[in-house]
Amino acid sequence: MSFQNQSSVLHKFKGILFSTMSSEELLNSLDFFSAREDDVFLVSYPKSGTHWIAEVIGNIPNARMSLTSPIELGDISNFDELKMNSKRRVIPTHLSYNMLPVNIKQKQCKIIYIIRNPKDTAVSLFHYYRDNPNLPGIETWAAFFELFLRGDVVYGSWFDHVLSWEEHKNDKNILIIFYEEMKKDPSKSIKKITTFLGINVNDSEINKIAQKTSFSEMKNNAAKENCDPNHTICALTSNRNLVFRKGAVGDWINYFTSKQRRVFDELFTEKMKHSELARHFEDDS
Ligand SMILES: Nc1ncnc2c1ncn2[C@@H]1O[C@H](COP(=O)(O)OS(=O)(=O)O)[C@@H](OP(=O)(O)O)[C@H]1O
């Protein structure tokens with residue numbers, strides 16, 4: 001397989017690959033994390049639009065919420081830092097439902113789960129692997145495609161991740177947002193988010209948030225911020241510039257061969273046959 005150093009920059013925990021930015025000690029201690037009832041968790045498989053939702057929340061007027069680092073990033077001192085945050089916390093994570101600290105489930109904290117078409121997600125993650133020194137160098141799209149299909153990538157299989165959320169999709173403390181829907185009508189998704197958070201925001205403010213969080217705005221701002229490590233919510237790198245690549249729906253068509261498309265579609269149909277969440281992607285996937 002044409003990739004280098006997979007084991008020097010990644011490690012497996014409970015059968016799932018993590019970057020070395022998530023220490024084994026921290027991952028082992030997740031169930032000791034103490035959640036607060038008003039915490040909001042921003043959850044996604046990597047490259048599904050986490051930064052976008054975080055920016056939306058950050059732009060809600062008078063929200064008085066504070067975006068933290070991902071729960072699984074760093075070492076055990078991460079929990080102390082989170083504890084010291086006195087505001088209402090917005091905590092990002094790429095963990096599947098099964099790996100989420102038990103305390104978050106017991107307290108029924110609000111959770112926003114963003115999902116993106118798996119083909120676009122794969123292409124985005126491929127570029128991220130290629131450009132990110134914290135991830136192994138994968139030489140070709142063909143090699144990465146095989147890893148993605150097998151779930152041999154950071155945070156494991158896209159299919160397993162989405163399926164772990166399937167049976168919780170109607171829980172009243174969980175809001176599911178689809179990347180493609182948000183792209184089509186950002187104001188509508190933003191309204192769903194503010195309503196879910198219990199914050200009253202009028203339509204004109206919603207439209208302003210949509211403008212401020214457009215892909216081009218966020219990309220320009222990231223360039224200006226010049227990689228401030230305190231401004232990242234990515235569990236895989238501190239380089240925010242790497243996050244804003246194309247921000248498009250359907251870019252996968254430029255990468256998948258017709259054979260890869262067929263192989264992917266067969267696997268998708270087999271794995272996701274009982275998934276209502278996946279129906280959203282049937283036309284495309
Ligand atoms: N505002 C806005 N509009 C549309 N798309 C956006 C936006 N912000 C981020 N993105 C795109 O989301 C992809 C990154 O996802 P994440 O933020 O989840 O990345 S990370 O896993 O936390 O690193 C990545 O997708 P690709 O461009 O396809 O690589 C980003 O460009």
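If you read the sequence from its start, that first residue is 1, and numbering goes on from there. Keep in mind that this is a model prediction, so the values were computed, not measured. Every number for a ligand or one of its atoms is a count from 1 in the order of the listing.
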With only distance considered, is Lys183 within less than 3.5 Å of ligand 1 through an N or O on each side?
no
For ligand 1, which atoms, with element, lie under 4.0 Å from some heavy atom of Thr50?
16 (P), 17 (O), 18 (O), 22 (O)
In terms of atom number and element, which parts of ligand 1 are under 4.0 angstrom from non-hydrogen atoms of Met218?
1 (N)
Check each heavy atom of Thr213 against ligand 1 and say whether those closer than 4.0 Å belong to the side chain, the backbone, both or neither.
backbone
Taking it one step at a time, do Glu55 and Arg240 satisfy salt bridge (charged side-chain N to carboxylate O under 4.0 Å, His left out)?
CA-CA 13 Å; Glu55 194 77 0; Arg240 191 170 161 89; 3.4 Å; yes
Numbering as shown, the atoms of ligand 1 that approach Ser214 to under 4.0 Å (heavy-atom distance)
1 (N)
Mind checking whether Tyr113 and Trp165 have parallel, tilted or perpendicular rings, split at 30° and 60°?
parallel
Evaluate Lys208 against Asp203 for salt bridge (charged side-chain N to carboxylate O under 4.0 Å, His left out), listing each step before the verdict.
CA-CA 9 Å; Lys208 264 192 223 151; Asp203 288 351; over 6 Å; no
At what distance, to the nearest 0.5 angstrom, does CD1 of Ile206 lie from CG of Asn59?
11.5 Å
Any luck finding a side-chain donor-acceptor pair between Ser66 and Asn85 under 3.5 Å?
yes
Any N or O of Phe244 that comes nearer than 3.5 Å to an N or O of ligand 1?
no
Per atom 14 (C) of ligand 1, closest listed option by heavy atom (Val243, Val154, Asp251):
Val243
Taking only heavy atoms of Pro46, which atoms of ligand 1 are found under 4.0 Å from at least one of them?
21 (O)
Under a 4.0 angstrom heavy-atom cut-off, which atoms of ligand 1 come close to Gly49?
12 (O), 15 (O), 16 (P), 17 (O), 18 (O)
Nearest neighbour of atom 5 (N) of ligand 1 from the list Tyr179, Phe215, Trp252, Trp52, on a heavy-atom basis:
Tyr179
So is His127 touching ligand 1 or not, going by heavy atoms under 4.0 Å?
no
Do any nitrogen or oxygen atoms of His51 come within less than 3.5 Å of a nitrogen or oxygen of ligand 1?
yes
Below 3.5 Å, N or O to N or O, backbone or side chain included: is there any such pair between Ser124 and ligand 1?
yes
Roughly how far, to the nearest 0.5 Å, is CD of Glu25 from CG of Leu30?
11.5 Å
Parallel, tilted or perpendicular: which fits the ring planes of Trp141 and Phe256, with parallel below 30° and perpendicular above 60°?
tilted
Under-4.0 Å salt bridge between Asp38 and Arg89
no
Measuring from atom 13 (C) of ligand 1, which candidate in Arg116, Lys246, Arg245, His94 has the nearest non-hydrogen atom?
Arg116
Take the angle between the ring planes of Phe264 and Phe268 and call it parallel below 30°, perpendicular above 60°, tilted in between.
parallel
